[in-house]
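Below is one structure, written out as structure tokens; the observations come after it.
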Amino acid sequence: MTAINEVGDLTIEGDVGVLTLNSPPVNALSAPVRTAINDGIKAAIDNPAVKAIVLICDGKTFIAGADITEFGKAPSGPSLFDAQAMIENAPKPVIAAIHGTALGGGLEVALTCHYRVAVPSAKCGLPEVNLGLLPGAGGTQRLPRIVGAQKAVEMVTVGTHVGAKACKEMGLVDELVEEGKLREGAIAFANKIVAEKRPLKKVRDLNDKVEADRGHPEIFANFRKANARKFRGFLAPEYNIQCIEAAVNLPFDDGIKVEQKLFRELVTGTQSAAQRHVFFAERQVWKLPDVPADTPTIPVARVGVIGAGTMGGGISMNFLNAGIPVTIVETKQEALDRGIATIRKNYENTAKKGRLTQDDVEKRMALLTGTLALEDLADSDLVIEAVFENMEIKKDIFGKLDRIVKQGAILATNTSALNIDEIATAVKRPEAVIGLHFFSPANVMRLLEVVRADKTSKPVIATSMQIAKKIGKIAALVGVCPGFVGNRILAQRQREAQKLILEGAMPWDVDRVLYDFGFPMGPFAMSDLAGLDIGWSKEKSTGSTIREVLCEMDRRGQKTGSGFYDYDENRNAKPSPVVEKIILDFAAKQGINRRTISDQEILERCVYPMINEGAKILEEGKAIRASDIDIVWINGYGWPVYRGGPMFYGDTVGLDKVLAKMKEFQAQMGDDFKPSALLEKLVAEGKKFQSL
Ligand code: T1G
């Protein structure tokens, strides 16, 4: 065995040189890894005893891509292109031996090999688009030469991880070898190649697929049309498509030039910086400074859910999906039956779309037990209360749970706003109480706010974060304050949106600006979707807000065919002259002289107070990191991932600009815009939220 460097070694097994990379955690293409490839392949080429070369990785996976942590830093060591050229121009067959995932640059390295073998559990993909990038090492030019343009655009614009079997069917992998015997299998394959004197197949020279696709621009036109909504606002998907088009229409080396030009644009742009930030932010949320990774956790074998309404039902589905039995409690049989029927209907609908088998549905439903007796939760390891948002009701329930549920269980509330410290006063074990704030629909939305109360114990926190991961959520550990993190920041935007439509904008102006910014919909369209009458009652209505007036007119949103917008039979929204008049009347009654408000002012007044509130949340220690706040807003409220979240966006705009604008608004409109001390401090020090 010859050590090439600290992450690579070359062993000669018979006629085969095996170059093994070992650079945890994912063998990313850092400078040492690129050096190991470049020098290791050269050493194998120069060794006359070696007739074929196997490139394999130790650890959990084949190369999982370029080393994202190197981006933006001065390059060192051989470039990825150098390492790839060493492989592709080798006079001996080079075989990539794939386990785990060959992703991004990893697959691009494998595509410069002459052959690829994999174990059945392996996956291949070009997920750069999820980092706001495109495969910048020839992937967009080589992939379509194997799988054709249609499959290639699908893979590069979604970043799919394709299983080895499908890769073999597509020709991405030449042979599947026995699971757990990759090294032996790859060496045997190498010997076979040599014995059969198979040619050195360079992917770059395979032109039949791209030539067959040439003259069919409809492949790309149809794909763009079908995905316009999904790709709205993103640069990377479109640039990926253009690279595949170049592979079809241009010679290889010209296509590479297109790829390099567009890659450079993306990698130096704000969208990719934002999406790379999110990639790491999603992994940071699980790191809790004051809850050590070895904190003991509570095994959760049985879950109790109180309330079989929309939230209780959705919450239950998360656990049923993870194979955890759920006992769901209601006060009336009819409500219980309705709740369970809704869960079943949701599963049946998913099965109709082919995402679940009927057997999956029955397995999940078999794990669900309905009851009217809280006593049936006695043996639950985790109980989640999801009843009406009323403090007295919740405290009454927690008092009962305290007497019923076994010691050591977690007592969680799904409240979205009530004070969990107060709820915890209803039990003798406040250390067991925590908030698990799911977002509706709870079985779909990825975000979970894990709300630690003053007395919540570390094992309860650690278990809650662990179970969140187990049920496929992305969790942010937050503190008790009005609205916790997500809704507290939302309140800033809602307040300004309501003020803006009195001062001169219309709901459709505010919605358009925020939609164009990248939100899936603006606040008024969202209100119409959710229903304007949430929390409203005819008896108590005073007509003192536009929303109340609309509810009194039975304009309660999409469900009544009108709200802030008028809706046609297909629920297409259009601005409403009725609403316009209501708004004008309201403004007149309040003596407001309406004025024209620019889109820029709408955006800054809606977004900058959100950033400022995030800074206050950090000051108060109600969130651990600025990037956690970004994760909350991206996964709970549809903040566009290519803008990185409110805090990252503040850094992108420049905190000095945000501060200056907040001060300007404060002078004009008062202390709703009072800058937080942290914002002032960061600007004074020339720092960013990311530096915290
Ligand atoms: N670079 C640097 N670090 C990486 C990394 C990467 N590419 N991928 C993962 N890590 C770190 C991650 O931050 C975490 O660190 C640890 O590895 C485990 O990751 C030229 C330009 C491979 C499926 O987009 O999808 O190639 O938190 O928790 O759940 O065209 O990691 O432990 O300190 O996610 O088992 C393209 C990204 C790059 C793949 C494994 N490649 N990675 O998932 O572990 S751009 C990607 C993943 C590129 C070329 C272009 C996943 C995984 P820490 P993990 P996992």
Side-chain angles (χ1 to χ4, degrees), residues 7 21-34 37 57 59-73 75 77-85 98-112 121-143 152 155-163 236 239-240 243-244 247 255-256 258-269 271-273 275-288 293 465 469-470 472-475 625 627-628 631 641:
V7 297
L21 302 175
N22 186 8
S23 178
V26 295
N27 290 307
L29 287 158
S30 60
V33 170
R34 297 195 301 273
I37 295 172
C57 293
K60 71 177 183 180
T61 179
F62 189 75
I63 303 165
D67 185 335
I68 316 174
T69 63
E70 279 189 353
F71 282 38
K73 294 174 188 162
S79 77
L80 184 49
F81 293 103
D82 296 340
Q84 289 177 298
I98 300 170
H99 74 296
T101 53
L103 298 175
L107 180 55
E108 290 175 296
V109 165
L111 287 172
T112 54
S121 60
K123 294 188 176 176
C124 298
L126 293 173
E128 289 87 338
V129 68
N130 297 321
L131 298 171
L133 296 171
L134 54 85
T140 66
Q141 305 305 304
R142 290 188 176 88
L143 181 68
M155 282 181 68
V156 296
T157 55
V158 178
T160 339
H161 295 186
V162 181
Y239 281 30
N240 271 279
C243 287
I244 305 296
I256 285 285
V258 172
E259 178 188 274
Q260 299 226 318
K261 173 179 176 298
L262 296 179
F263 179 81
R264 266 195 304 278
E265 262 191 62
L266 290 176
V267 77
T268 54
Q271 288 202 3
S272 180
Q275 290 179 250
R276 298 196 308 267
H277 160 75
V278 173
F279 174 86
F280 289 114
E282 287 190 335
R283 288 154 177 80
Q284 287 300 312
V285 294
W286 307 109
K287 294 169 184 164
L288 313 177
M465 296 297 279
K469 194 179 270 192
K470 186 175 170 75
K473 298 298 182 188
I474 184 149
R625 288 163 284 257
S627 60
D628 287 14
I631 290 300
V641 69

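The residues of the chain are indexed from 1 along the displayed sequence. As the structure lists them, so they are numbered: ligands from 1, and atoms in each ligand from 1.
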Could you tell me, atom by atom, which parts of ligand 1 come under 4.0 Å of a heavy atom of [X]?
X      : answer
Gly65  : 26 (O), 41 (N)
Pro127 : 24 (O), 46 (C)
Phe263 : 21 (C)
Phe71  : 21 (C)
Gly105 : 26 (O), 48 (C), 49 (C)
Lys287 : 27 (O), 33 (O), 53 (P)
Phe280 : 13 (O)
Glu128 : 26 (O), 30 (O), 45 (S), 48 (C), 49 (C), 50 (C)

Find the distance between [atom1] ([X]) and [atom2] ([Y]) and round it off to the nearest 0.5 Å.
X      : Y      : atom1 : atom2 : value
Leu143 : Cys243 : CG    : SG    : 12.0 Å
Ile256 : Phe263 : CD1   : CZ    : 12.0 Å
Ile68  : His277 : CD1   : NE2   : 13.5 Å

Within-cutoff protein neighbour (heavy atom, under 4.0 Å) for [atom]:
atom                    : value
atom 46 (C) of ligand 1 : yes
atom 43 (O) of ligand 1 : no
atom 15 (O) of ligand 1 : no
atom 32 (O) of ligand 1 : no
atom 29 (O) of ligand 1 : no

So [Y] and [X], do their side chains get closer than 4.5 Å, heavy atoms only?
X      : Y      : answer
Asn130 : Val641 : no
Val278 : Ile631 : yes
Ser23  : Ile63  : no
Phe62  : Asn27  : no
Gln275 : Leu133 : no
Met155 : Leu126 : no

Exercise. Determine, step by step, whether Gln284 and Ser627 satisfy the side chain to side chain donor-acceptor pair (under 3.5 Å) criterion, reporting the C-alpha distance in whole Å, the side-chain angles of both residues, the deciding distance to 0.1 Å, and the verdict.
Key: CA-CA 8 Å; Gln284 287 300 312; Ser627 60; over 6 Å; no
Can a donor-acceptor pair be found, under 3.5 Å and without considering hydrogens, that links the side chain of [X] to the backbone of [Y]?
X      : Y      : answer
Ser272 : Leu131 : yes
Thr61  : Val26  : no
Gln84  : Glu108 : yes
His161 : Ala122 : no
Gln141 : Glu259 : no
Ser79  : Phe81  : yes

Just need the protein heavy atom nearest to [atom], so name the residue and atom and give the distance.
atom                    : answer
atom 25 (O) of ligand 1 : Leu103 CD1, 4.0 Å
atom 24 (O) of ligand 1 : Leu131 CD1, 3.5 Å
atom 51 (C) of ligand 1 : Arg283 NH2, 4.0 Å
atom 20 (C) of ligand 1 : Glu108 OE1, 3.7 Å
atom 18 (C) of ligand 1 : Lys60 NZ, 4.2 Å
atom 1 (N) of ligand 1  : Ile68 N, 2.9 Å

Which part of [X] is near ligand 1, with near meaning a heavy atom under 4.0 Å away: side chain, backbone, both or neither?
X      : answer
Val267 : neither
Phe81  : neither
Val26  : side chain
Lys123 : neither
Pro25  : side chain
Gln284 : neither

Looking only at distances, can you tell me whether any N or O atom of [X], backbone or side chain, sits closer than 3.5 Å to an N or O atom of ligand 1?
X      : value
Thr101 : no
Pro135 : no
Leu80  : no
Ala64  : yes
Ala66  : yes
His161 : no

Would you call [X] a ligand 1 contact, heavy-atom distance under 4.0 Å?
X      : value
Thr61  : no
Gly139 : no
Glu70  : no

Quiz item: When you look at Ile37 and Asp82, which way does the side-chain contact (heavy atoms from CB on, under 4.5 Å) test go after all the steps?
Solution: CA-CA 9 Å; Ile37 295 172; Asp82 296 340; over 6 Å; no
Self-check item: Winner among Phe279, Phe62, Trp286 once heavy atoms are compared against atom 37 (C) of ligand 1
Solution: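 Among Phe279, Phe62, Trp286, the closest heavy atom to atom 37 (C) of ligand 1 comes from Phe279.
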Quiz item: If every non-hydrogen atom of Ile474 is compared with every non-hydrogen atom of Trp286, which pair is closest and at what distance?
Solution: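 That closest heavy-atom pairing would be CA-CZ2, 4.1 Å.
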Quiz item: Is the charged tip of Arg276 near the ring of Phe280: under 6.0 Å from the six-membered ring centre and within 45° of its axis?
Solution: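 Judged by the rule (NZ or CZ under 6.0 Å from the ring centre, within 45° of its axis), Arg276 is not positioned above Phe280.
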Self-check item: Heavy atoms from other residues, nucleotides or ligands near NZ of Lys123 exceed 12 (cutoff 6.0 Å)
Solution: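 Result for NZ/Lys123: open.
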